[in-house]
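All remarks here apply to the structure that follows.
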Amino acid sequence: MTDRDAANRYDCVIVGAGHAGSACVGALRQAGFAGTIALIGDELDIPYHRPPLSKALLTGERAHDDLALRPAEFYEKQNVTLMLGVRVDNIDRPAKVLHLTDGSRVGFGDLVLATGSSNRSIPVKGVDLPGVLSLRGMEDARALKTALEKGGTMIIVGAGYIGLEVAASARKLGLNVVVVEREDRVLKRVGSVPVSEKIQAYHEGQGVRFLLNAEVAGFEGESELKAVVLKDGTHLAAESALIGIGAVANQQIAERAGLKCGNGIIVDDDTRTDDPHIYAIGDCTMRPLAALGSHGRLESVHNANEQAKRAAAAICDKPQRPVEVTWNWSDQYDLRIQSAGIAGDGLNIVVRGDKLPDPVAVFRLDANDVIIMAETINAPAEFNFSRDAIGKGLKLDPAKLRDRTVPIRECIVQSEQQTEDNLCRA
Amino acid sequence: MPRVIFIDTDGTETEVQADVGKSVMEAAVENNVPGIDADCGGMCACATCHIIVEEAWFPVTGPRTDNEEAMLGFLPDLNERARLGCQIKLNEEMDGLTVRLPIGQF
Ligand SMILES: Cc1cc2nc3c(=O)[nH]c(=O)nc-3n(C[C@H](O)[C@H](O)[C@H](O)COP(=O)(O)OP(=O)(O)OC[C@H]3O[C@@H](n4cnc5c(N)ncnc54)[C@H](O)[C@@H]3O)c2cc1C
Ligand code: FES
């Protein structure tokens, strides 16, 4: 390392200034990390809340400058060097130096990769036309907002959370909305059948049209989008289209540096990669998921925050807290959709509640009636109860669960003590 | 600027200041007070900003709302002065507001 590089060395460098990176700064200082910290990110804004980009920001209920995760002074107070608008291109592991796109180098003691994920695209004709949009960051949200202001018809490609949230926001703003989904139901990747059906029906009640089992063949237009063409030949005239078909981990710099990657950078429960001084947190990781007995990738704010705390504890050699029950939320119209836990196949599905927007909860129980996962809509009591119950591995009474007149706490079958062996279920 | 005092489970006090209109949760997050995770950023979705208002301040903050009740009601030994920090907006009257952190967020 040259002298110039030495001046640019930090005890801990975090790459990626999003939810996980920002949380890791706070967690490191809370864990007593006294060394120097740099947070490097390629976006220009200080780290901000991403969830409102598809919701309150689009409908005008929140403004761009009201989205910071932590105020600018936070980073000063925590004595953190914030380097924004610059990308890390390469990790030189032997030298423990990062190469940045502006030509500068930054040395590190410990390295935390918090690079997030990028939207998948569709390799079809016209996907680059103006009017064909996707949503990940603030810049995308600005473009989407402009498209929404134009009005007309918006085609949403992909009925995942982000697609459905934008559909709801677009309907609120009075646009004509058509959702095109390749699978046979909405939210197939994340939700149970009853949840998919109820949410689709609710959107239909709000005027959204769904085309399921339908695939996009191309986007048409001369200088801007005029129509979306489906594989069966259907032409859908549109002013704009939003592609929301999922995301892939930003793991290129890790791969180039020879770190083990699968569907994400592979980490352990401490968020360590196969290099003892390199950690990875948030959307970019493939982490252990005890409930599935395998590794997997999660995309949620909770996962980003939890892994940020675990990385900080590992770096500071502090004891880890038990792995938390993973959860996330989505807001669509007046629906607050939440899920807790992760489920494999072959579980029993128990539905509590019926018609939205009244409270609905869908539980997944194993063969012994132990709760593994819950999806709730406008049911905060059921949601928070379930997060706790999943962590404790509680056995629930399906008949009582189905009966909304039985308070949720009274649906527990056994005492909490008896399940101590199940305590740390993720 | 109202001051807010957070008392940790081991008795450690942290005093912070925050603008009027900010929430107790924001006051904690902006000053990196441990024990307030605030995963959802104040959307009333996570219940990880749970705090217990000190008795003397309870008349000022008032009791939890129905929504907070739904979020925290699953806790078997919920304190009657337990609130969600993101739902308490600071005003001048709250200068010196003192709250305790629960044993653990989720
Ligand atoms: C529109 C939208 C709505 C969402 N809504 C919800 C919701 O309601 N609830 C929920 O739980 N989750 C939601 N999510 C998911 C949630 O926002 C993510 O899971 C979370 O942001 C992950 O945090 P992260 O830090 O891993 O990644 P990010 O927050 O994406 O941050 C990663 C950062 O790293 C930067 N970066 C990448 N590579 C480099 C590099 N080489 N050098 C420098 N910087 C780099 C990226 O540009 C980005 O700024 C939503 C996501 C989106 C896009
Ligand atoms: S910050 Fe999530 S409920 Fe208060």
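The sequence lines fix the lettering, A, B, ..., with proteins before strands; numbering per chain opens at 1. Every heavy atom of this structure was used, including side-chain atoms; hydrogens, water molecules and symmetry mates were not.
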Over all heavy atoms of both residues, which pair between B:D95 and B:W57 is shortest? Give the atoms and the distance, please. O-CH2, 3.1 Å

Give the interface residues of residues 82-93 of chain B toward chain A, defined by a heavy-atom separation under 4.5 Å. none

With a 4.5 angstrom heavy-atom cut-off, which part of B:N31 approaches chain A: side chain, backbone, both or neither? both

Per-pair distances, 0.1 Å, donor-acceptor, side chain in residues 19-26 of chain A, under 3.5 Å, sequence neighbours excluded:
residue : atom : partner : partner atom : Å
A:H19   : NE2  : A:R50   : N            : 3.0
A:S22   : OG   : A:R70   : NH1          : 2.6
A:S22   : OG   : A:Y75   : OH           : 2.8

Looking at chain B, which one of A:R29, A:K77, A:Q78, A:H49 has the largest number of heavy-atom pairs inside 4.5 Å, strictly under? A:Q78

Nearest non-hydrogen partners of A:V406 and A:K400, listed with the distance: CB-O, 3.8 Å

Contact part of A:D331 toward chain B, heavy-atom cut-off under 4.5 Å: side chain, backbone, both or neither? side chain

Are the ring centres of A:W329 and A:F383 closer than 6.0 Å? no

Could you look at A:E382 and say if it's the side chain, the backbone, both or neither that has a heavy atom under 4.5 Å from chain B? neither

Specify the closest pair of heavy atoms between A:R336 and B:M43, including all atoms of both residues, with the distance to one decimal. NH2-O, 3.0 Å

Of the non-hydrogen atoms in B:T61 and B:L97, which two are nearest, and what is the gap between them? CG2-CD1, 3.7 Å

Test salt bridge (Lys or Arg N to Asp or Glu O under 4.0 Å) on A:E324 and A:K309 and set out the steps. CA-CA 11 Å; A:E324 294 168 19; A:K309 286 182 281 183; 3.1 Å; yes

Chain B heavy atoms under 4.5 Å from A:Q338: which part of the residue, side chain, backbone, both or neither? side chain

Ionic contact status for B:R100 with B:D8, cut-off 4.0 Å: no

